Amino acid sequence: MRRGDVSHAKILRFCTGSEEELPLGYHIQPEVKFVERQSLLPTRNTCINKMQLTIPINNEPTDDEMYIFLILRFAIHTLDTMIDLSIQY
């Protein structure tokens with residue numbers, strides 16, 4: 001099964017419900033939190049702009065869960081880099 005591309009807009013939409021940063025910014029800044037739990041699938045709360053990524057507590061995640069976890073981890077790192085670069089301007 002082929003998965004679609006992950007973009008910054010898709011991550012932002014997953015976390016906040018919006019594909020672009022609001023013109024006046026966010027009253028509550030988007031947040032990524034790492035939590036320990038069985039499932040590696042991410043969760044979100046668009047009311048408080050929070051995405052939760054999992055730190056696995058068992059040593060045997062499924063292949064699908066591991067793939068999703070690694071893709072999201074890479075995407076968040078890339079998004080953080082892009083935000084850092086935009087702040088420097």
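Just so it is clear, the model here is predicted, and its values are computed rather than measured.
Between the CD atom of Gln52 and the OG1 atom of Thr43 there is a distance of 4.0 Å, given to the nearest 0.5 Å. Rounding to the nearest 0.5 Å gives a distance of 10.5 Å between CG of Leu41 and CG of Leu53. The structure places CD1 of Ile71 at 12.0 Å from CD1 of Ile76, a figure rounded to the nearest 0.5 Å.
A 4.5 Å side-chain heavy-atom check between Ile55 and Arg37 finds every atom pair outside the cut-off. The shortest distance between side-chain heavy atoms of Phe69 and Arg73 falls below 4.5 Å. Residues Thr16 and Thr46 have side chains not in contact (no heavy-atom distance under 4.5 Å, counting atoms from C-beta outward).
In the hydrophobic clustering of this structure, Tyr67 does not group with Phe74; members are Ile, Leu, Val, Met, Phe, Trp, Tyr whose side-chain heavy atoms approach within less than 4.5 Å, directly or through other members.
Heavy atoms of other residues, nucleotides or ligands lying less than 6.0 angstrom from CZ of Arg44 number more than 12.
With sequence neighbours excluded, the residues forming a salt bridge (Lys or Arg N to Asp or Glu O under 4.0 Å) with Arg13 are Glu19, listed by chain and number. With sequence neighbours left out, Ser18 forms a side-chain hydrogen bond (donor to acceptor under 3.5 Å, both in side chains) with no residue at all.
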Per-pair distances, 0.1 Å, donor-acceptor, side chain in residues 23-36, under 3.5 Å, sequence neighbours excluded:
unit_1 : atom_1 : unit_2 : atom_2 : d
Tyr26  : OH     : Glu20  : O      : 3.4
Gln29  : NE2    : Tyr26  : O      : 3.1

